[in-house]
Every structure is written in structure tokens, then in C-alpha cells.
Amino acid sequence: LAAYALSSILTGLSFFLLGALKLGVIVGFFPRHILVGCIGGVGAFLIETGLTVSLRISEDDFAMNWETFRFMFFDAHNLTLWIIPLGLAVLLRVITHRFRHQLIFPLYFVIIPMLFYIIVAAAQLNLTNLRDDGWIFDMGTDKEPWYRFYSYISLSAIRFGPLWSTLPTQFALLFFNILHPPLNVPALAVSLNDDVDTNKELVAHGYSNFLAGLFGTVPNYLVYVNTLLFYRVGGDNRISGFLLAVATVLLLFIGTGPISFIPVMVVGALIFVLGIDLVKEALWDTRHRVSKTEYITIVSIMICMTVWDFVIGVLFGIIVSCFFFVIQNSQLSSIRAIQTGETAMSAVRRPSLQRAYIREVAKQTTILRLQGFLFFGTITYVEETIRSLIEGPLWHRNPVQFLVLDFTLVAGVDMSSAEALVRVQRLLASKCVTLVFCGFIVDSPVGKALQSVEILGAEQVELFSTFNDAMEWTENAYLRAWFRAQKVERSATIFPVPSREGGDIEHNNLISAFILSPRHSHIRDAGDRTIANEIPVNQGSERPSEPLNTLIKAFSSYGTVDPVTFRPIEPYLERLTLPATHVLWTQDDRADGLFIIESGLLKATYEFANPARRFVESMVAGTVAGELSALSDSPRNATVVVEHDAVLWKLSNVNLIKLRMEEPELSHIFIQLVLK
């Protein structure tokens, strides 16, 4: 008795902590079809219970074998005992299918015993014989009162040594007790089509079990079947629960005598009704609402619960669900999109000829945007896709220089996937293709998984935190490759290229890796058609003075920039020399003019209400900054900081107005070029 009381207290404390710590939400991770399978398993168990109750045999004597089949079908008396309650259950469901009223259910089970005793009286049948034949419950002759067991409790007789030895059984019972309510409560919510606060129910279970332990009785928890029946006959309010409690207390004091006059067919029919309802709910009602794999899971749970027990059924359902989950997710593509650098360029603002060059040569950059969780079931498709790009006919039509893998939407990477990426890296290295990772950092779960296989430190592997930084790095590599091929010295004035972390581009072997290759020829031809026009034909010839040289570089690709025509604009432009980290303006500041970049690098940061949408743009020499807000006289839409020492030419709003007034034709041409 002390051990049972202790079990109740432990169960109560466990339930209370689960509810108080809001851990009931964990049940939400249980797939709904597992709960439905549990409902169907309970229904099948009820049908079996209905048979054992009607036949007046124990559950241990009911087995799925030939002897039980003969006992049920080849004995006329036994056949009558279970056929009648089953027929009454089917009849009730036929009636309730046509007439829907909550009083039909209780009235039906009140009428059945009345008709039973009318027939008994009319036929002058003996109740003792009916009880012996299994038509009426036999409650025995024990007249011992319910409170008798308290007389056995003696604190002085309790021995803590034997009580301590029951702890393994205590914890096993505790696990069994804790397992049921978190499953029964959500399953009840599914059957009642209502929302239930699982944490609140767990706290209530904690109180009831703790009090039960203090009163020296056994653990307790919500019984799904009884509660569902109570709700379906209208017991969905506090008054109904209070009346049920009063009736239970009365029955406690009166004893089990009245039960000995209840016809077995009434209880059997009641159990059959609930069993049929739950099996129908699990198998019939879900036939068009779940997938085939989910339906197989539901059926398998029902079979396991029927053949073995509740816990085995739930565990088997979880295993089957995991198996089908792996299969289904293996069929999903982890590649969200395949692009080239031509269609997915960085946000760096460059001169138009450089942008045209990059758009052409970036066809050698292949981008795979990945998604989901990369595991052994999905990485195979990713690896096969990369191999087809490197080894298949696509390689001859469009050789690849950079393979960018975007992990922005990847939740995680398992060991199998990480090792597959190592194989991919080896293949790419053999083809002189640089593997570029982006969308994560080294300390992230994805980064740690890849770091564990030492791929991030491998040769020709780069890592960037954002996709934009990765694309910027590849574009810079293309620009430097062409400049070096032309033996043109790098100059921030003529060839401004912003830098990003993730590897020193100066040591990039882009040119040496494929001299006299199709990739090199492609870069050379594209450069000759585009950015070659930025290099003066005669390197020794005198360039136009500033700011005319910067104006020509910024606008020559959008129209004719005649030095003679544009020379009158010089007095309106103010030269600024700014150090790195200088804040040119902040977001929402009033626009005070536009800036033409002679040299250096500016970085614009766009902030939005959603911090996740934060966007960074780089602006190199030969481009214009702040033009839209200046021309429209609107607040600045970004914060601009000097990233590398810069020389700018500023056309203030005041000077812009003066230019319009004093040089209207030049002002018109200039604004047109800016807008272009």
C-alpha cells in the first residue's frame, strides 16, 4: 500500500512539473496520424473488450486462434451472447446516422434494460439462472466496505528497504503513467474537434495523483474512452462533471450491488458502439485525408496495439513514421534552383562596361541554391547534379570556373552529406574549379558539420557568410583575371575592385589554371568587347583632367561625354577626400546632393522593419551615389560609409539648382545620364 501511494505521489509530481514547465507542447511534435492510429488501436481494443465482456471471459483467455473462433461461432449460446449487443450497437449507429440528438444515446441505453426486464418478467425467467448463463453481471458475494483497506495501513509496519527495492518498478510504472495523458489528451482533442491545453491538463493530473498518494490510493489519469463517451452524450460542461462526481460518490457508499442487475448486453453494446466509432474514425474517416504511407502507419499501429499492447503500438508507429519520413524526404529535391552568375549578380554598383563584362563571363559561375536538411537521402541528388555539370556534356558547352553552393535555406548537414561534399570538392579540384560556400558561418551547425570533415580549409574552397559576398568575390576574380591577362597594373583609379573576406584574390590562380583553355578565351573575348574600352588606347597619352576623367568613366557607356561640353560643370563640383570609416550620410537624413566616385569604395547599408532583410551594396569608382534621393529631394534610403579611402566629386543641391539656372542645356544632359 505504501508503494502504491508513493507511485501516485511520484506520478503527481511528474505530471505537475511537465505542465508547469510547459512541456506538454512536446506532444505537438507527435505526428497526427500516430494519434489517429492510437485512436484506432483503442477502438480495436474496445471491440475485443466488448467480445470478452459479452462472452464473460477474461482478456487472457481471448486469443486469435481456432479455439476462440469455435468458442464464438460454433456455440449457439455464446454466439447469441455477443451477436445481440453487437446488433444493438449497429442499430444505434443507424438511428443516430439519421437522427442527431444528444438524448438519443442515453435514452437508448435506458430503454434496453427496461425491455430486457419486461421480457424476463413476461417469460418468468429466473435471475439467478440468467446470471449464471452470462446475461446479467455477477458481482460476487463480497460485502466488504470500500474503506476496509485503510485498516491495513500502519506506518510502523512500513520497511524502507523493501520499499526502496520497488523503485525500478516504480519508475517503469511512472513511465507508463506519464506516456498516456500526453497522448490521450491530444487524441481526445482530435476526436472532439476542439482545442485542449495539454499543459493545463497535466497540471490537473499532477494535483489528482498527488492527492491520491496522500490518501493512500493508486495513480490515475484521464481515460480516453470514458471521457469521449461522456462528451458525446452531452457531458461537456462543469455541471455534468459535478453530477458525475456526486453519482460516483453515491455508488461508492451504496456499493456494487446495483451493477449486478445491469444486463451484460447493455455494457457490451456500449463498448461495441465506442469501438466501432473509433475504428471508423481511424480507418474510414481518414481514407481520403491522409497519404498512403500515413494510412499504412495508422493500420500498423492498430495491429500492433491489438496483438501486443498500447506502448508497443506507439513505438512501432514512431519507427514506421520515421522510416516513411526518410523515404518521402529523400524524394524531395534539395536543390531549390540552379542559376549562373549571369542571372544572379552581386549588389556591387559598377561601371556599365564592367557590369556587361561580368554578365558575359559569369556564365562560368554555376550556382546551386540548396534547401532543407541535407542528409544521406537527399545529398545523392545534389552530388549527381554536380557531377553532371562537371563530367557530362554540359561541361563542354559551358565549362565552370566557380561552383557556388548557397546554404542560406539549409537547416543542417549530416555526416553522410558532409563526406559527399568532400568527394565533390576533390572532383572540382581535379577540374580546377573553385568551390564557394555561402549562407553560413563557421560556428553555425552547418559550418561545424563541414569543419568536421576539414573541407572548409581545403585548397580552392572559399566561404562567405552571404550569397552577395560570394558573388562579389567571384566577379572580382573575373575582373582581376582580365586585367592581369592584359598586363595592366591594378589601379584603384582605373580598375576599382572591392575586397571581401574569404581568401586573397591576389593569389587566385584563375588565369594560370586555364591559359589557352575555352574558359580563358571566353574571358579574353568578353573583356575585349566590354571593359577594354575603359583602358586608354595609348597608355602614355594624357588623360582628361579631373573631374572630367571621372565623368567620362561614369557616363561614357550611356551616351557621348564631350569634354568641351562638360567642362562648364567643373565649378559646380566639389572635390572631397574622405578616409575609411567616414560616414557620408545615414538612413533617413535629408539629401544634400549626389556624389561621383573618382576612387575608393563606398558601402551602402539598407535597413528595413524586418532585420532579416538588411541589405548591403558596394559602390566602386566610376559610379554615382545618392543620385535618386538628391534628384527627388527625398530622405536617404540607406547609410553610406567609406570602406576604402575615397575621392568623391559632390554636386550639392544648391549647385544643382544653380546648374539648372545657369547651364540649362548641360543640366538636362547631365541629369539624363545620371538617370540612365
Side-chain angles (χ1 to χ4, degrees), residues 43 45-63 66-144 225-226 229-230 232-235 243-244 247-248 250-277 279:
F45 173 74
L46 284 175
I47 293 176
E48 180 182 331
T49 303
L51 292 172
T52 58
V53 169
S54 301
L55 293 170
R56 309 302 296 141
I57 60 175
S58 67
E59 294 181 8
D60 294 335
D61 293 334
F62 188 89
W66 175 248
E67 293 299 326
T68 303
F69 185 81
R70 289 181 55 190
F71 179 78
M72 290 175 57
F73 289 94
F74 292 91
D75 187 305
H77 175 69
N78 292 336
L79 182 63
T80 307
L81 286 177
W82 67 268
I83 280 291
I84 292 178
L86 180 61
L88 291 172
V90 174
L91 176 61
L92 175 61
R93 278 296 158 241
V94 172
I95 295 173
T96 54
H97 180 72
R98 183 166 183 177
F99 305 100
R100 297 181 181 275
H101 195 282
Q102 62 184 21
L103 289 179
I104 293 178
F105 199 99
L107 287 176
Y108 186 81
F109 285 100
V110 170
I111 293 173
I112 291 176
M114 292 174 59
L115 293 176
F116 177 82
Y117 279 103
I118 290 174
I119 295 173
V120 169
Q124 297 181 348
L125 300 176
N126 185 278
L127 292 181
T128 303
N129 294 335
L130 292 174
R131 191 169 286 114
D132 293 338
D133 291 338
W135 293 100
I136 306 175
F137 283 103
D138 184 5
M139 301 307 296
T141 58
D142 188 8
K143 303 298 183 182
E144 190 173 283
V225 177
N226 295 8
L229 171 62
F230 191 62
R232 288 187 173 176
V233 297
L243 293 176
L244 178 62
T248 306
L250 289 176
L251 190 61
L252 180 66
F253 284 97
I254 294 173
T256 58
I259 298 178
S260 62
F261 293 96
I262 297 178
V264 174
M265 67 178 66
V266 174
V267 178
L270 179 61
I271 296 174
F272 278 131
V273 166
L274 289 177
I276 293 171
D277 283 353
V279 171

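The two residues Ser260 and Arg131 come nearest to each other via the heavy atoms O-NH2, 2.9 Å. Contact between Phe272 and Ser54 at its shortest, heavy atoms only, is CE1-OG, 3.9 Å.
Residue Ile136 holds its CD1 atom at 10.0 Å from CG of Asn129, rounded to the nearest 0.5 Å. Within the model, atoms CZ of Phe253 and OG1 of Thr248 stand 12.0 Å from one another, a figure rounded to the nearest 0.5 Å. Atom CG of Leu244 sits about 4.5 Å away from atom CZ of Phe230, to the nearest 0.5 Å. To the nearest 0.5 Å, the span separating CG on Leu251 from CD1 on Ile259 amounts to 5.0 Å. The CD1 atom of Ile276 lies 5.5 Å from the CG atom of Leu86; values are rounded to the nearest 0.5 Å. How far CD1 of Ile112 is from CG of Leu88: 4.5 Å, rounded to the nearest 0.5 Å.
Within a 6.0 Å radius of NE2 in His97, other residues, nucleotides and ligands contribute 12 heavy atoms or fewer.
Proximity of Val266 to Phe137: side-chain heavy atoms (C-beta onward) are nowhere separated by under 4.5 Å. A heavy-atom distance below 4.5 Å is found between the side chains of Val120 and Leu127. Looking only at side-chain heavy atoms (C-beta outward), Phe105 and Leu270 come within less than 4.5 Å of each other. The closest side-chain heavy-atom distance from Phe62 to Phe71 is not below 4.5 Å. Contact of the Val273 side chain with the Phe109 side chain is registered, since non-hydrogen atoms from C-beta on lie closer than 4.5 Å.
Arg93 and Thr96 form a side-chain donor-acceptor contact under 3.5 Å, judged by distance and modelled atom types alone.
Between the Asp133 side chain and the Trp135 main chain, no donor and acceptor come within less than 3.5 Å of each other. Looking only at distances, a side-chain donor or acceptor of Thr52 sits under 3.5 Å from a matching main-chain atom of Thr49. Listed for the Tyr117 side chain is a donor-acceptor partner under 3.5 Å among the backbone atoms of Phe261.
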